Amino acid sequence: MGDVSTSQTSPLPFLKGHGTENDFVIVPDPDNAVDLPAATVARLCDRRAGIGGDGLLHVVRSAAHPEARHMAGEAEWFMDYRNADGSVAEMCGNGVRVFARYLQRAGHIDAGDMSLATRGGIKKVHIAKAPSGSGATGGDITVSMGRAVLPEEGVTVSVDGRSWPARNVNMGNPHAVAFVEELAHAGDLLTVPPFTPASVYPDGVNVEFVVDRGDRHVAMRVHERGSGETRSCGTGACAVAVAAARRDNLDPAVTGAPVTYTIDVPGGRLVITERPDGEIEMTGGAVIVAEGTIDPVLLETERP
């Protein structure tokens, strides 16, 4: 893999996309030839000095990436996902949808079923056909998000003198789900909401604050690890649906019936279904809004 700080002398193609306003810088790099150090990723995701995004989607063929070669037989493409601060992340549910939309736009895939490799494992994706006459690139995208893991040990989350118990849900990345009276109780979410005991999440956590809106219908705000508050979080919405189902005594493994929750996020709406076998599906939109090239100066590791 080349070193972008010394060898990237020509403009680098990029795209910008979002899923329920969770937005991403997309860097197509099928052969894994571009190095993206954390500082470079953070600069690209900077909303004032860069392109701006909640994260970066590095599009690589699985066979070309050392972390994904073992998955190449099942999934041609690997989502090398980075948080806005440049740190590496296991998975991003909204990112998977935008990643799939890019592959469709680029002509690598068509509407229908496909598999994508992520650090959180293989994700099954279904792209619906666009409604006739809509003019859209494609219809909603459903991502099979895997099964939730529910560690027994939870935490207490505190904001501005209020505290709530938070359910520990792992969706390939860690979440703490707190049900609150008002979304405003989450505060400004500019910094990580304090939680105890800290030992439960040694590598940090995504924290969701949730209020009820109706029958199997909730709204949420989220502080994403490494990115701050975002307009949407796909794995967070899944974690919220799982926590809500357990709270409401609707665990599909117990009832034998799938359960679906509508999750309102600041950037739109996601629909989450958990099946009796534990498999979770997330459905929502994904849009590519722009494409262009990045000035090589922005990619330099050391800037004057």
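Numbers here simply count residues along the sequence, with the first being 1. This is a predicted model, so every value here is computed, not measured. Only this structure's heavy atoms are used, side chains among them; waters, hydrogens and symmetry mates stay out.
Separation of atoms CG (Leu116) and CD1 (Ile122) is listed at 8.5 Å; rounding is to 0.5 Å. Rounding to the nearest 0.5 angstrom, the gap separating the CH2 atom in Trp164 from the OG1 atom in Thr156 is 11.0 Å. Going from atom NE2 of His126 over to atom CG of Asp113 covers 5.5 Å, rounded to the nearest 0.5 Å. Considering CD1 of Ile263 and CD1 of Ile272, their distance stands at 6.0 Å, rounded to 0.5 Å. Considering CD1 of Ile109 and CZ of Arg101, their distance stands at 9.0 Å, rounded to 0.5 Å. Note that CG of Asp35 and NE2 of His58 are 8.5 Å apart. Values are rounded to the nearest 0.5 Å.
A side-chain donor from one of Asp248 and Tyr261 sits under 3.5 Å from a side-chain acceptor of the other. Between the side chains of Ser115 and Lys124, at least one donor-acceptor pair of N or O atoms lies under 3.5 Å. Between the side chains of His175 and Asn170, not a single donor N or O lies within less than 3.5 Å of an accepting N or O. Between the side chains of Glu224 and Thr230, at least one donor-acceptor pair of N or O atoms lies under 3.5 Å. Donor-acceptor pairing under 3.5 Å is recorded for the side chains of His217 and Asp264. Judged purely by distance below 3.5 Å, without hydrogens or angles, the side chains of Ser87 and Asp85 pair a donor atom with an acceptor atom. Side chains of Ser144 and Glu279: a donor-acceptor N/O pair is present below 3.5 angstrom, by distance only.
Of all heavy-atom pairs spanning Ala166 and Ala176, the tightest one is CB-CB, 3.9 Å. Residue Leu270 comes nearest to Gly234 through the heavy atom pair CD1-CA, 4.3 Å, listed as atom of the first residue, atom of the second, then distance. Pro258 and Thr273 make their closest contact through CB-CG2, 4.3 Å (heavy atoms, listed as atom of the first residue, atom of the second, distance). Between Thr40 and Leu298, the closest heavy-atom pair is CG2-O, 4.5 Å. The two residues Gly19 and Val98 make their nearest non-hydrogen contact at N-CG2, 3.5 Å. Among all heavy-atom pairs drawn from Leu56 and Tyr81, the shortest one is O-CD1, 3.3 Å.
Using a distance-only test at 3.5 Å, with no hydrogens or angles considered, a donor-acceptor pair links the side chain of Ser62 to the main chain of Ala75. A side-chain donor-acceptor contact under 3.5 Å links Arg221 to the backbone of Gly187. One N or O on the side chain of Arg225 and one on the backbone of Asp203 form a donor-acceptor pair closer than 3.5 Å. Arg82 places a side-chain N or O within donor-acceptor distance of the main-chain N or O of Leu36, the cut-off being under 3.5 Å. Without hydrogens or angle criteria, Asp54 side chain to Asp23 main chain gives a donor-acceptor distance under 3.5 Å. A donor-acceptor pair under 3.5 Å is absent between the side-chain atoms of Asp110 and the main chain of Gln104, judged by distance alone. No donor-acceptor pair under 3.5 Å is formed between the side chain of Arg97 and the backbone N or O of Ala286. A distance-only check finds no donor-acceptor pair linking the side chain of Asn83 to the backbone of Gly86 [under 3.5 Å].
Taking hydrophobic clusters as Ile, Leu, Val, Met, Phe, Trp and Tyr residues chained together by side-chain heavy-atom distances below 4.5 Å, Met79 shares a cluster with Ile127. Cluster membership for Ile51 and Leu57, using ILVMFWY side-chain heavy atoms within less than 4.5 angstrom, is not shared. Connection of Ile280 to Leu150 is established within a shared hydrophobic cluster, with ILVMFWY side chains joined at heavy-atom distances below 4.5 Å, either directly or through further cluster members. When the side chains of ILVMFWY residues are joined at heavy-atom separations under 4.5 Å, either directly or via intervening members, Met220 and Met282 end up in a single hydrophobic cluster. Val60 and Ile294 end up in different hydrophobic clusters when Ile, Leu, Val, Met, Phe, Trp and Tyr side chains are linked at under 4.5 Å.
One finds no salt bridge joining Lys16 and Glu291 here, because no Lys/Arg side-chain nitrogen approaches an Asp/Glu carboxylate oxygen to under 4.0 Å.
Side-chain contact between Leu44 and Leu299 is present, with at least one heavy-atom pair separated by less than 4.5 Å. You'll find the side chain of Met114 reaches within 4.5 Å of the side chain of Leu103, heavy atoms only. For the pair Val180 and Val211, the minimum side-chain heavy-atom distance is below 4.5 Å. Contact check for Thr255 versus Pro276: no side-chain heavy atoms found under the 4.5 Å cut-off. Within the 4.5 Å cutoff, the side chain of Arg231 has heavy atoms near those of the Pro266 side chain. Between Cys45 and Phe24, every side-chain heavy-atom pair lies at or beyond the 4.5 Å cut-off. Contact annotation: the side chain of Asp251 never approaches that of Asn249 to less than 4.5 Å [non-hydrogen atoms, C-beta and beyond]. Residues Ser232 and Glu21 have side chains not in contact (no heavy-atom distance under 4.5 Å, counting atoms from C-beta outward).
Within the structure, ring pair (Phe, Tyr, Trp, His ring centres under 6.0 Å) pairs that include any residue of residues 181-208 comprise Phe195-Tyr201 (at least two apart or interchain).
Applying the side-chain hydrogen bond (donor to acceptor under 3.5 Å, both in side chains) test between Thr283 and each of Thr260, Asp140, Thr142 identifies Thr142 as the sole match. For the salt bridge (charged side-chain N to carboxylate O under 4.0 Å, His left out) with Glu274, the qualifying choice from Arg147, Arg246, Arg216 is Arg246, the only one to do so.
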Check the pair Arg247 / Asp212 against salt bridge (charged side-chain N to carboxylate O under 4.0 Å, His left out), numbers first and verdict last. CA-CA 12 Å; Arg247 181 199 63 171; Asp212 288 297; 2.8 Å; yes
Dump the intermediate steps for side-chain contact (heavy atoms from CB on, under 4.5 Å) on Val207 and Val222, then the final yes or no. CA-CA 6 Å; Val207 184; Val222 57; over 6 Å; no
Evaluate the side-chain contact (heavy atoms from CB on, under 4.5 Å) criterion for residues Phe14 and Leu12: first the C-alpha distance (whole Å), next the side-chain angles of each, then the deciding distance (0.1 Å), finally the verdict. CA-CA 6 Å; Phe14 82 95; Leu12 181 69; over 6 Å; no
Chi angles and distances behind the side-chain contact (heavy atoms from CB on, under 4.5 Å) call for Val192, His223: CA-CA 7 Å; Val192 180; His223 183 283; 3.5 Å; yes
Could you please spell out the steps behind the side-chain contact (heavy atoms from CB on, under 4.5 Å) verdict for Trp77 and Met71? CA-CA 9 Å; Trp77 296 95; Met71 295 182 278; over 6 Å; no
One pair to check against salt bridge (charged side-chain N to carboxylate O under 4.0 Å, His left out): Glu90 and Arg119. What are the steps and the verdict? CA-CA 5 Å; Glu90 303 92 337; Arg119 289 186 179 85; over 6 Å; no
Full working for salt bridge (charged side-chain N to carboxylate O under 4.0 Å, His left out) between Arg162 and Glu181: CA-CA 11 Å; Arg162 296 185 179 92; Glu181 297 78 27; 5.3 Å; no
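Checked against ring-ring contact (aromatic ring centres under 6.0 Å, His included), Phe78 has the following partners two or more places apart in sequence or in another chain: His65.
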